Amino acid sequence: MSVMPAATAATTSPDLTVLNFALTLENLEATFYQQGLAKFTAADFANLGLPPAVYTTFVSIAEDEATHVLALQTTIQGLFGLNMAVPACIYNFNAALANAQAFITTAAVLERTGVQAYDGAIHLVQQNAVKNAAAAIASVEARHSSFLNLLTGSSPAPGPFETPLGVRPIVTIAAGLITSCSFALPAMPFPTLATNLGNAPTTPVAVGTAVTLTITPTAAQVTAAGSAAAATTAIANTALFCGWAYGIAQSRTPITNANGVLTCPVPAAIQMSRFTQAVLFAVNADTDVTLDNDQNVVAGPATVFVAI
């Protein structure tokens, strides 16, 4: 992913930053659904054994996301003037739209990420008008996420609380689908984190199970280290704990590094707190990853589905 510097002078208003951050995500979602529904028909979903209502619900979700884009653009113009809203980026949905099942899986990730982003950014907002706009969109994103959770075999309500995420973790998730933007994103992505469990909740993992981690360094880290292998080894050597976030709680389990193979156990606290999803980071200290301080993050986030 390449990011170009902003073409116009930007205000320092935190509310504008949050609104444009939200608009960046909504543009991504709206474009994803537009391209997906241009490629897949009701028959493609029927071939997966899904009822006709699934396709019509996706059409409705696509319309919601397009409406969110317009609402955010209108709010930005009303509060900050013309030409202050960021445009859509250039995206790479090749893997996300490889087939109808990949579309569904990616949609679930995007809707979950949208909820986490709005929940994590609300504390940065100053004006009530912006808070109202964000809350009105966030609740609809949560409904979308519940639908996608059911569709992918997960619980529609994966815990008693949502798990808010800060700006940089959200940018890290979105960056995997972004080729380039004509403006500077509000943060640089972390190295990505994947597990041997994948993105879909087909087989929830039991607590105590060792999860295998795969870290992919950023392009800048590869350049600095001289090779992808050297960068990966350097990052892995600093990954001391798995940081697990579930709702408003967090816990950590130690990472075992066996000749470059990183594993860590799933903590029982997740199951005891009645969560079926947890956000996973690789961290270098036994401290929480907070919305305002993520300096201990080595890689992530990833989502792990936990058996109850």
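Predicted model only: the values in this text are computed from it and were never measured. Just so it is clear, the values below take in all heavy atoms, side chains as well, and ignore hydrogens, waters and symmetry mates.
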Exercise. So which pairs with a foot in residues 94-134 pass disulfide bond (SG atoms under 2.5 Å apart), sequence neighbours left out?
Worked result: none
Exercise. Tell me the disulfide bond (SG atoms under 2.5 Å apart) pairs involving residues 135-178, sequence neighbours left out?
Worked result: none
Exercise. Any Lys/Arg nitrogen of Arg143 or Asp64 sitting under 4.0 Å from an Asp/Glu carboxylate oxygen of the other?
Worked result: no
Problem set entry | Side-chain donor-acceptor pair present, Thr179, Asn92, cut-off under 3.5 Å | no
For this session: Output every pair passing ring-ring contact (aromatic ring centres under 6.0 Å, His included) with a member in residues 205-236, not counting sequence neighbours, ordered by first then second residue.
Result: none
Give the table of side-chain donor-acceptor pairs shorter than 3.5 Å for residues 129-140, with sequence neighbours excluded, one pair per line with atom names and distance.
unit_1: Asn132; atom_1: ND2; unit_2: Asn128; atom_2: O; d: 3.4
unit_1: Ser139; atom_1: OG; unit_2: Ala135; atom_2: O; d: 3.3
unit_1: Ser139; atom_1: OG; unit_2: Ala136; atom_2: O; d: 3.2

Problem set entry | Any residue meeting side-chain contact (heavy atoms from CB on, under 4.5 Å) with Ala96, in chain and number order, not counting sequence neighbours | Phe32, Phe93, Thr106, Leu177
Exercise. Is there a side-chain contact between Val306 and Val266 (heavy atoms, below 4.5 Å)?
Worked result: yes
Problem set entry | Residue pairs fulfilling disulfide bond (SG atoms under 2.5 Å apart) with at least one residue in residues 222-272, sequence neighbours excluded | Cys242-Cys264
I'd like a table of donor-acceptor pairs (distance under 3.5 Å, sequence neighbours excluded) in which one partner is a side-chain atom from residues 153-170, with atom names and distances.
unit_1: Ser154; atom_1: OG; unit_2: Gln277; atom_2: NE2; d: 3.2
unit_1: Ser155; atom_1: OG; unit_2: Ala157; atom_2: N; d: 3.3
unit_1: Ser155; atom_1: OG; unit_2: Ala157; atom_2: O; d: 3.0
unit_1: Thr163; atom_1: OG1; unit_2: Gly247; atom_2: N; d: 2.7
unit_1: Arg168; atom_1: NE; unit_2: Met188; atom_2: O; d: 2.7

Problem set entry | Pair listing, side chain to side chain donor-acceptor pair (under 3.5 Å) test, anchored in residues 222-234, at least two apart | none
Name each donor-acceptor pair under 3.5 Å that joins a side chain in residues 45-62 to protein atoms two or more places apart or in another chain, with its distance.
unit_1: Asn47; atom_1: ND2; unit_2: Ala43; atom_2: O; d: 3.3
unit_1: Thr56; atom_1: OG1; unit_2: Ala53; atom_2: O; d: 2.9
unit_1: Thr57; atom_1: OG1; unit_2: Ala53; atom_2: O; d: 2.7

Exercise. Is it the case that Gln127 and Asp15 place a side-chain donor and acceptor less than 3.5 Å from each other?
Worked result: yes
Problem set entry | Set of residues satisfying side chain to side chain donor-acceptor pair (under 3.5 Å) with respect to Gln116, sequence neighbours excluded | none
Exercise. Only one of Asn296, Ile235, Ile255 forms a side chain to side chain contact (heavy atoms under 4.5 Å, CB included) with Asn284, so which one is it?
Worked result: Asn296
Exercise. Which residue pairs pass the ring-ring contact (aromatic ring centres under 6.0 Å, His included) test with at least one member in residues 261-300, sequence neighbours excluded?
Worked result: Tyr246-Phe275
Exercise. Which residues pass the side chain to side chain donor-acceptor pair (under 3.5 Å) test with Glu65, sequence neighbours left out?
Worked result: His68, His144
